[in-house]
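In what follows, a single structure is set out as structure tokens and then discussed.
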Amino acid sequence: MNFIKKIFYSLPFQLLLLNLRRNRLILLLWILLFAIITGKFARTYGVPYLLLDPEYMNKVGFRSLLILGVSFGIFIMAYNITIYILESYRFQFLMLKRNPFPRFCLNNLAFPTLFVILYVYYFYHFQLEQGRQDYLTIYREIAGFFIGLIFTLILTMIYFRVTGYRVFRWFTQNLNDTLSHQKITRVGVIQKIKMIKRKRYHVDYYLDFPFTPKKVENFQLYDRDLITKVIDRNHINALMLQVAGFLILITLGYFRDNQYFQIPAGASILILVATITMFMGFFSFWMRGWTMYALVALLFVANYAIQFRIINPDYQVFGLNYNTKYADYSYESVAKLSDNQNYVNDYNNMIGVLEKWKSKFGKEEKPKIIFMCTSGGGQRAAIWAMRSMQAADSALNGNLMKHTFCITGASGGQVGASYYRELFLKKQLGENINPNDIKYIDNMSKDILNPVVFSLIVNDIFVRFETFSDGKYTYVKDRGYAFEKQLNLNTEGILNKKVVDYLPYEANATIPMVLLTPSIVNDGRKLYISPQPISFMNAAEIQNADLLQSKVKGVEFMRFFKEQDAQNLGFLSALRMSATFPYITPNINLPSSPSMEIMDAGLTDNFGVIDAVRFSYIFRDWIKNNTGGVVFMCIRDSPKLIPISKKKGVSLFDRIFNPIGSLYANWDWIQDHNDEYFLEYANSFLGNKVEVVELQYSPMPDGFEKGNISQKEIDDYVNKTWSQRAALNWHLTQKEKDNLLKTIYTPQNTDALKTLRKAVYGGD
């Protein structure tokens, strides 16, 4: 009992209780970090990868862990500085010792120590399983983490020692004379001294260097003026660190385009959490009991500033002119662009393109026409689309692009398909390129998340001040710019074109059309982006429009934003609009009145089937007369058939959140059912000349490709792990990359490739 009493009245334990009882907001940040490293927070979206698989310069290694260690050290010191400002006055015996802050940190390491232990444990096992690294490499990386962490802690301790005795002595004494007589400062300090008099914290032991327990000496309340000076000096030192940290963040924003400064996304997150921690501490100290009211008031002020455009949070698409009169976004203006004349002209133009496509085959031949539908899903969908197209091209003896007329879909799937199409175009133009080379999948699998999150932390959250020019117009650099720049680097610059640059190649059927269809948040319509005039996609056929009283279902980008220089739209920007992931690649605002807000194409059609079926319906007569039928080649980043989950006991929270949560969780499956209806309908209006080929990605057990595992074992594995497929973001682990490559060899996918070959060429 005596030992337990000593532990209970020790400074480390009392600080732990104090943090649990009084600093709940900071405690929430710790809980968030613990949830991330243990995989309990947003695993589906790959958030744990930010800390467990940190990439730097496209590699998880010593340097990336070193930077992560430095960042975690910054967070630990931010945490200690904040608690020191808020709570150190309660422990006079420590505050008036030589070098009080290092001693305070030593006794306030409960959360940091537990986090480091758990992090090393989870990082080690994660890299063994997901990173496919050997033991020696992992140990070297862990050593890098500790070197960065210890370096940061030592550097901060040196700072406090120097500022306490040399460099900042003059500054502190002079600034103290100014601040100490300010009413708000003096009230805060005097209030704390009064609290000490009313209630002293009982502490018998504390830790001293090097981790030595020491008994607290008996002491009386010191002179008030002396305590006031000590508190003022300590707070000024901490404030200087806070200001320095913020200035470092702003300065880093100037070097955002330099890949050496694009630190791992996890490191950026830790720096952000450190900044939030210090802000909360600073705010709590000055506001005292009014903290919550002040925070609410601050939120209202920020909301007012954004609402009345004092702060502009909008994100732009690059290529458009935002300095001219905005387009009128109304039903009348949209309907006018889809009138009968435009419909007829665009229909006839597309018939000419179809004829060009058919001319690639023999005059008497009726070739199969392929509509390729690629699903969204971030980087995993991009890699899977590339891998599937390479395999399908091999199955068709290099003729996949020859038979494909149009590519539809969403998000990452369209990114991968567009990259493959561009490689094919380069080959058609005479360059020595093999689109089926594995190195292009390696390019597509390179990290994009680091520069995006780095931009979010050092630039977008605080202030967007740096600009760039596309040659005609000037834009603010934001994380949308970071996304496009990194994607351009990863793909070796070959997608850095205007959308209209593809017009002659699509018009001559040299390459398939790529139809990008981001969603318009304002009213749920689609924004159709194509160099081809395609008003026929927006409304019902002329002869049926009045009869059905059909409303316009989409907006044709090139016509609608003609006066805003739509012809100047960059293709990378168009891809970004189609792949807008909430919070990562922000929603885009287009120059219209009211402002047209754009979101991911997957919101309305994640698999691209609806657009492909609609196109085939509009040109059904030509297709029936000139082709041997339609093949809908569906490239899915998820299995189509999944086990129905068993319903467990329903709690109160389940009853509250299930109606919304279930709808969100099953959104893909809801779209699947709708797609099935459309495909069945297509088969009817095309005279039973429709075939569907589906290439599906789902995680596979190791060794399946060698035939070491039975089909039943594979099915059981898929049923248990389908929800654990590669994360939905723009960073993947090595295991996920490997799994994406080998999944093409599943019996289901090999059968699908055989079906594709048979559908196009006939026979067995």
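Quick caveat, the model's predicted, so the values are computed rather than measured.
- Proximity of D346 to I534: side-chain heavy atoms (C-beta onward) are nowhere separated by under 4.5 Å.
- In this structure, CD in Q379 is found 8.0 Å from CG in N490, a value given to the nearest 0.5 Å.
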Q: In sequence, state the C-alpha distance, the side-chain angles, and the governing distance for K446 and E55, and then conclude on salt bridge (Lys or Arg N to Asp or Glu O under 4.0 Å).
A: CA-CA 10 Å; K446 291 179 181 177; E55 277 194 19; over 6 Å; no
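- Of the possible donor and acceptor atoms, one in the side chain of D470 sits under 3.5 Å from a partner among the backbone N and O of Y473.
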Q) Run the salt bridge (Lys or Arg N to Asp or Glu O under 4.0 Å) check on K402 and D393 step by step: do they pass? A) CA-CA 10 Å; K402 181 179 179 181; D393 189 61; over 6 Å; no
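- Using a 4.5 Å heavy-atom threshold, the side chains of L515 and M537 count as touching.
- For the pair L590/M577, a side-chain contact is recorded, criterion being any heavy-atom separation below 4.5 Å from C-beta on.
- For residues 405-419, the side chain to side chain donor-acceptor pair (under 3.5 Å) pairs, not counting sequence neighbours, are T374-Q414, S411-D600, Y419-N443.
- Between K498 and F571, the closest side-chain pair of non-hydrogen atoms is not below 4.5 Å.
- The line from OH of Y681 to CG of L686 is 9.5 Å long, rounded to the nearest 0.5 Å.
- Residue K526 forms a side chain to side chain contact (heavy atoms under 4.5 Å, CB included) with just one option from N538, I520, D611, L516, and that option is D611.
- Under the side-chain contact (heavy atoms from CB on, under 4.5 Å) criterion, F468 pairs with F318, Y475, K477, Y481, sequence neighbours left out.
- Geometric assessment of R636 against the ring of F607 yields a positive cation-pi assignment under the 6.0 Å and 45° thresholds.
- Minimum heavy-atom separation, P48 to G39: CG-CA, 3.8 Å.
- In this structure, the separation between CG on L740 and CH2 on W384 is 7.5 Å, given to the nearest 0.5 Å.
- In this structure, D637 contributes its side chain and Y697 its backbone to no donor-acceptor pair below 3.5 Å.
- Cation-pi geometry between R421 and F424 is not met: the NZ or CZ atom fails to fall both under 6.0 Å from the ring centre and inside 45° of the normal.
- Residues N589 and Q316 have side chains not in contact (no heavy-atom distance under 4.5 Å, counting atoms from C-beta outward).
- The closest side-chain heavy-atom distance from N587 to Y315 is not below 4.5 Å.
- T491 places no side-chain N or O within donor-acceptor distance of the main-chain N or O of L495, the cut-off being under 3.5 Å.
- Rounding to the nearest 0.5 Å gives a distance of 10.5 Å between CD1 of I370 and CD of E691.
- In this structure the side chain of V452 never reaches within 4.5 angstrom of the side chain of Q486, judged on heavy atoms.
- Note that the CG atom of N450 and the OG atom of S268 stand 7.0 Å from one another [nearest 0.5 Å].
- Proximity of a side-chain donor or acceptor of H731 to a complementary backbone N or O of D53 within less than 3.5 Å is detected.
- Note: F536 CZ to Y528 OH = 10.0 Å, rounded to the nearest 0.5 Å.
- Contact check for L741 versus I438: side-chain heavy atoms found under the 4.5 Å cut-off.
- A donor-acceptor contact shorter than 3.5 Å links the side chain of T580 to the backbone of R576.
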